[in-house]
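To start, the structure itself, in structure tokens.
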Amino acid sequence: TDPQSTDSFMMLPPLLEHGLQAMLPTRWLSALMHRFAAIQQPWIKQATIDFVRRTYAIDMSEAQEEDPHAYASFNDFFTRSLKPGSRPLAEPPALLSPVDGTISQWGRIHGDTVFQAKGRSFSAGALLGDNAAAQAYQDGEFATIYLAPYNYHRIHMPMAARLVSGRYIPGRLFSVQPSTVRAIDGLFARNERLALHFESASGPFAMVLVGALFVGSIETVIEGKISPPHWRAPRDYDYRNQNVQLDRGEELGRFNMGSTVILLKPPGMARWREDVGPGDAVRMGQSLGQLVTTAI
């Protein structure tokens with residue numbers, strides 16, 4: 001478990017942790033957090049920013065705006081941009097990490113089954129909200145990367161690709177911190193999430209942006225804010241006729257507060273690095289492995 005994580009549930013037995021979170025009004029709490037994060041009253045937003053900086057030892061030297069009090073709101077501070085060159089991209093044919101975070105799990109997808117934590121898993125079809133789309137990843141590979149509150153919270157492209165489609169999938173808003181992931185079956189396929197599908201020179205791949213407790217917003221550069229509101233039914237986005245081309249390392253979207261990104265790729269697309277694995281910190285632009293068929 002990340003020593004800087006403040007998981008309020010980490011000392012609870014799994015059944016009790018699950019029960020407590022199941023009883024929480026998570027949608028209401030997350031919507032409230034989203035409104036709070038947008039407050040521009042100086043003393044409120046500055047006190048909140050200062051508290052978070054002290055709690056998580058956030059390094060502002062990388063930020064494009066180093067003065068934490070110059071941000072209009074806590075959300076602007078939390079989703080801050082970085083100085084050019086702060087995240088150099090690994091040379092092609094590297095498959096890039098799309099985010100700063102910690103590798104929760106990665107490895108092979110066994111049939112349709114994606115490993116979550118010891119004794120727990122979920123299906124790729126359930127994660128994507130689309131069994132047909134999941135066929136491309138049968139016996140493929142996945143990487144689950146957890147973004148803690150102190151991480152950079154923008155999401156970037158792991159390779160050059162064309163955005164084909166997206167699906168917003170409603171769900172719960174359980175915490176995605178490590179102890180909760182170990183406690184709740186199929187957590188990532190139960191939480192609210194946005195599944196994005198891409199075509200690249202190396203083949204198809206998917207990225208799933210998973211919402212969580214207190215994650216007040218999931219956004220993309222194409223649509224802007226996807227949530228809130230927290231919709232009760234799936235919402236589909238079709239980009240096949242829009243020619244949405246994104247370069248490797250280009251910004252794709254962002255989270256408010258910590259969450260998780262899951263990358264799915266078909267068999268044979270890339271080889272994972274052997275010197276990195278679960279529990280290791282990664283930074284956006286760092287190599288996760290080598291593409292077998294070089295992307296543009």
Side-chain angles (χ1 to χ4, degrees), residues 25-39 72-81 98-101 122 124-130 133-134 144-147 149 151-158 161-176 187-199 204-246 250-264 284:
T26 54
R27 289 173 177 267
W28 181 84
L29 288 171
S30 295
L32 183 65
M33 175 62 76
H34 180 65
R35 289 196 293 271
F36 178 79
I39 291 174
S73 67
F74 175 73
N75 186 61
D76 286 348
F77 160 78
F78 208 86
T79 58
R80 63 195 174 276
S81 60
V99 293
D100 283 13
F122 52 89
L127 178 70
L128 297 174
D130 187 336
T144 303
I145 305 175
Y146 166 64
L147 288 74
N151 285 127
Y152 169 61
H153 270 71
R154 299 194 183 193
I155 304 154
H156 295 252
M157 292 294 293
R162 181 173 67 92
L163 178 59
V164 176
S165 65
R167 170 168 284 188
Y168 166 85
I169 305 155
R172 297 301 306 266
L173 289 169
F174 291 120
S175 167
V176 292
L187 185 150
F188 299 124
R190 295 171 66 181
N191 269 17
E192 176 182 80
R193 57 205 180 277
L194 176 66
L196 297 172
H197 298 274
F198 301 87
E199 287 287 350
F205 67 95
M207 279 205 293
V208 183
L209 284 53
V210 183
L213 182 64
F214 297 141
V215 176
S217 179
I218 298 175
E219 300 180 19
T220 69
V221 296
I222 299 94
E223 297 293 337
K225 190 183 297 181
I226 300 292
S227 68
H230 302 291
W231 306 97
R232 296 289 180 176
R235 295 172 69 89
D236 289 314
Y237 302 89
D238 187 349
Y239 303 108
R240 287 172 294 181
N241 297 321
Q242 297 185 38
N243 194 31
V244 181
Q245 299 283 345
L246 296 161
E250 186 172 347
E251 184 180 340
L252 172 66
R254 63 186 67 174
F255 286 121
N256 180 13
M257 303 298 285
S259 198
T260 293
V261 169
I262 302 175
L263 174 65
L264 302 180
M284 192 286 288

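Counting begins at 1 with the first residue of the sequence.
Ring-plane geometry between F122 and F188 is classed as perpendicular, the angle between the planes exceeding 60 degrees on a 0 to 90 degree scale with a lower cut at 30. The aromatic rings of Y237 and Y239 sit parallel to each other, their planes meeting at less than 30°, with 60° as the upper class boundary.
Remark: side-chain polar atoms of N75 are not paired, donor with acceptor, to backbone N or O of A38 under 3.5 angstrom. Counting only distance, with no hydrogens or angles, the side chain of R167 and the backbone of D130 share no donor-acceptor pair below 3.5 Å.
Rounded to the nearest 0.5 Å, atoms CD1 (I226) and CD (E219) are 9.0 Å apart. Annotation: the span from S165 atom OG to E199 atom CD amounts to 9.5 Å, rounded to 0.5 Å. For the atom pair CD1 of I262 and OH of Y146, the computed distance is 14.0 Å after rounding to the nearest 0.5 Å. Residue L263 holds its CG atom at 7.0 Å from CE of M207, rounded to the nearest 0.5 Å. Atom-to-atom distance recorded for L196:CG and L209:CG is 6.0 Å, nearest 0.5 angstrom.
The shortest heavy-atom contact between F78 and P149 is CZ-O, 3.1 Å. Of all non-hydrogen atoms in F198 and V164, the two that sit nearest each other are C-CG2, 4.2 Å. When all heavy atoms of V261 and P98 are compared, the closest pair comes out as CG1-CG, 4.3 Å. Here the closest heavy-atom approach between residue A161 and residue M157 is recorded as CB-CE, 3.8 Å. Between A124 and A134, the shortest heavy-atom distance links the atoms C-CB, 3.8 Å.
Taking the side chain as every heavy atom from C-beta outward, L252 and I222 approach each other to under 4.5 Å. Using a 4.5 Å cut-off on side-chain heavy atoms (C-beta onward), I218 and F255 make contact. For the pair P170 and R232, the minimum side-chain heavy-atom distance is 4.5 Å or more. For the pair V208/I169, no side-chain contact is recorded, criterion being any heavy-atom separation below 4.5 Å from C-beta on.
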Take M284 and V99 through the test side-chain contact (heavy atoms from CB on, under 4.5 Å) and record every step on the way to the result.
CA-CA 4 Å; M284 192 286 288; V99 293; 5.6 Å; no

From CA spacing to verdict: side-chain contact (heavy atoms from CB on, under 4.5 Å), L264, L128:
CA-CA 10 Å; L264 302 180; L128 297 174; 4.0 Å; yes

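Residue Y168 forms a side chain to side chain donor-acceptor pair (under 3.5 Å) with just one option from E223, R235, R193, E192, and that option is E192.
By the side-chain hydrogen bond (donor to acceptor under 3.5 Å, both in side chains) test, E251 is found to be paired with R154, R254, residues two or more places apart in sequence or in another chain being considered. Residues satisfying the side-chain contact (heavy atoms from CB on, under 4.5 Å) criterion with Q245, sequence neighbours excluded, are R162, N243.
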